[in-house]
Amino acid sequence: MAPQVTVLGAGIIGICTGLSLLERGAAVRLIDRGDPGQETSFGNAGVISPWSIVPQAMPGVWKKIPGWLIDPLGPVSVRPSYLPRLTSWGLKFLANGTEARVREISAAMDILNRDCVTLYRHHLRGTGHEDLVRDSYYIHAYRDAEGARLDTLDNELRLAAGADLERADARRLRELEPDLSTDFKSAIVIKGQARALSPGRIGQVLTDKFQKMGGEIERATVQSIAPLEEGGWRYVTEHGEYTTPKLVLAMGVWSAELLKPLGVRIPLESERGYHVNFTAPGITLNHSIMDVDMKFVASSMQDGVRVAGTAEFGGLDAAASERRSDGLVTLAGKLSPKLNTEAYTTWSGQRPSLPDSLPCIGEIDGFPDLITAFGHSHWGLMMAPKTGQIVADLATGTRTNLDLAPYQPNRF
């Protein structure tokens with residue numbers, strides 16, 4: 001008899017988990033309050049890079065944070081009223097910024113990201129939309145001619161993992177990206193990766209494939225979860241109470257709220273992200289580009305040029321800030337003076353961030369048959385396919401042959 005698994009959350013993590021479960025013969029139901037893949041998974045820069053293995057907390061980052069916070073265009077903001085609540089999380093974050101800890105975290109990130117391009121192409125195969133993932137470089141651009149260096153810790157980590165990196169001077173950078181501002185004088189070019197031409201469309205296409213493979217989708221808001229005495233789990237939505245032998249919790253930042261009534265406390269912080277999509281850009285970017293100084297990423301997509309970045313901490317229920325979106329418009333104009341910044345759309349959503357830049361993947365001690373799959377922060381699009389494989393292995397009793405200790409939800 002096929003194992004029955006219910007996946008709470010139909011973002012890209014839940015969708016990829018559902019596909020991998022179906023491939024292993026499970027009967028799968030996805031539950032989400034909205035359209036699959038169209039919330040947090042929709043709003044990102046589209047980078048699909050095996051070499052995004054550098055955590056947010058790096059040695060010396062504490063020196064930069066004050067400057068970021070006071071800069072209205074800076075990459076991080078914290079609403080003043082939220083500072084006391086963020087203190088504990090922030091201290092944990094900084095504690096993970098030692099070189100020894102960074103190397104451990106990077107190795108764990110490598111496991112989740114290494115096969116991301118191959119796995120997306122696997123999931124898209126046969127859909128007729130394989131072109132949604134395009135081979136690309138990831139260009140980290142600097143305004144300082146000496147800024148691009150291969151001997152930094154982040155690039156050392158990438159090189160050790162097998163990345164093909166090139167240091168580009170201003171001339172080479174202009175060959176790669178003619179529309180980029182001449183203010184940029186050097187770059188690190190990360191090769192051997194891809195980019196999504198439409199993250200939201202990928203979510204739709206993979207959802208259609210999931211359903212064609214026999215997966216079920218229910219639109220509902222999950223209100224609570226609880227273990228059953230006889231084994232398995234009960235979950236409650238506005239439509240009633242349901243039971244399932246195995247439950248996967250992949251609801252992003254809302255996952256921690258469902259665990260609190262069970263006495264499980266996980267330091268999952270809501271980090272509001274923003275993107276601006278320029279619908280008549282007048283330029284084409286050949287690759288994904290990071291403005292290293294201002295910490296945002298730009299990429300050409302099917303519907304224009306998207307600029308994504310900026311992290312805002314203000315709590316799960318805090319409203320989006322128009323000022324942050326406006327700031328991205330200003331920054332985008334500095335990235336390329338040829339960019340038409342008059343016509344654009346904006347997006348904002350909550351990303352689930354843990355202080356060590358690693359997600360929770362696996363069972364929680366004392367709660368068998370509940371499998372976590374949340375907390376992927378800025379790397380959800382990249383880490384989704386491998387996370388899905390791991391969760392499917394756990395749910396079906398398949399040996400993973402991986403060290404999952406770095407992702408254990410009880411690690412905090």
Side-chain angles (χ1 to χ4, degrees), residues 2-3 5-32 34-52 109-136 192-217 248 250-252 288 299 301-302 359 361 371 373-374 376 378-396 398 400-402:
V5 184
T6 300
V7 180
L8 305 184
I12 196 63
I13 305 294
I15 294 168
C16 287
T17 297
L19 288 170
S20 291
L21 281 164
L22 290 172
E23 290 175 344
R24 287 157 178 73
V28 190
R29 172 177 289 182
L30 287 180
I31 298 177
D32 202 292
D35 295 331
Q38 303 308 302
E39 291 198 23
T40 305
S41 302
F42 171 87
N44 56 70
V47 177
I48 304 176
S49 173
W51 317 116
S52 288
M109 295 177 73
D110 180 43
I111 291 172
L112 298 181
N113 277 339
R114 177 168 291 272
D115 301 321
C116 57
V117 177
T118 301
L119 291 176
Y120 266 115
R121 292 198 161 123
H122 166 75
H123 284 320
L124 287 168
R125 189 175 301 130
T127 65
H129 297 282
E130 293 84 354
D131 60 344
L132 285 170
V133 171
R134 177 173 296 178
D135 288 337
S136 175
Q193 62 163 61
R195 58 192 172 96
L197 297 188
S198 175
R201 184 69 182 130
I202 287 176
Q204 292 172 336
V205 168
L206 295 185
T207 298
D208 290 343
K209 181 176 181 178
F210 171 80
Q211 291 179 299
K212 289 176 181 177
M213 290 175 65
E216 298 180 16
I217 295 178
V248 176
M251 288 179 57
S288 299
S299 188
M301 296 192 179
Q302 287 182 340
I361 305 174
I371 302 171
F374 61 81
H376 294 76
H378 296 261
W379 302 280
L381 182 68
M382 286 173 272
M383 294 180 174
K386 191 65 176 183
T387 297
Q389 280 193 339
I390 294 171
V391 172
D393 287 343
L394 294 173
T396 58
T398 305
T400 64
N401 294 318
L402 296 172

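Residue numbers count from 1 along this sequence.
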So, taking the atom named [atom1] in [X] and the one named [atom2] in [Y], what distance separates them when rounded to the nearest 0.5 Å?
{"X": "Met383", "Y": "Met109", "atom1": "CE", "atom2": "CE", "value": "4.0 Å"}
{"X": "Ile15", "Y": "Ser41", "atom1": "CD1", "atom2": "OG", "value": "6.5 Å"}
{"X": "Leu124", "Y": "Leu119", "atom1": "CG", "atom2": "CG", "value": "11.0 Å"}
{"X": "Leu19", "Y": "Gln389", "atom1": "CG", "atom2": "CD", "value": "11.0 Å"}
{"X": "Ile12", "Y": "Tyr120", "atom1": "CD1", "atom2": "OH", "value": "4.0 Å"}
{"X": "Arg134", "Y": "Ile48", "atom1": "CZ", "atom2": "CD1", "value": "12.0 Å"}

Are Asp115 and Arg121 ion-paired here, with the side-chain N under 4.0 Å from a carboxylate O? no
Does Arg24 come within less than 4.0 Å of Asp393, counting only side-chain N to carboxylate O? yes
Shortest non-hydrogen contact from [X] toward [Y]:
{"X": "Gly388", "Y": "Thr17", "value": "CA-OG1, 3.4 Å"}
{"X": "Val5", "Y": "Ala26", "value": "CG2-CB, 4.4 Å"}
{"X": "Ile13", "Y": "Gly380", "value": "CD1-O, 3.7 Å"}
{"X": "Ala194", "Y": "Val133", "value": "CB-CG1, 3.6 Å"}
{"X": "Leu402", "Y": "Lys386", "value": "CD1-CE, 4.1 Å"}
{"X": "Ala373", "Y": "Val391", "value": "CB-CG2, 3.9 Å"}

Are [X] and [Y] packed together at the side-chain level, in the sense that at least one heavy-atom pair is separated by less than 4.5 angstrom?
{"X": "Phe210", "Y": "Ile217", "result": "yes"}
{"X": "Met382", "Y": "His376", "result": "no"}
{"X": "Leu112", "Y": "Ile361", "result": "yes"}
{"X": "Glu39", "Y": "Asp32", "result": "yes"}
{"X": "Gln193", "Y": "Val47", "result": "yes"}
{"X": "Met301", "Y": "Ser198", "result": "no"}
{"X": "Leu132", "Y": "Gln302", "result": "yes"}
{"X": "Trp51", "Y": "Asn113", "result": "no"}

Full working for side-chain contact (heavy atoms from CB on, under 4.5 Å) between Val7 and Ile31: CA-CA 6 Å; Val7 180; Ile31 298 177; over 6 Å; no
Is it the case that His122 and Glu23 place a side-chain donor and acceptor less than 3.5 Å from each other? yes
Please check if the side chain of Gln38 supplies one atom and the backbone of Gly34 the other of a donor-acceptor pair under 3.5 Å. no
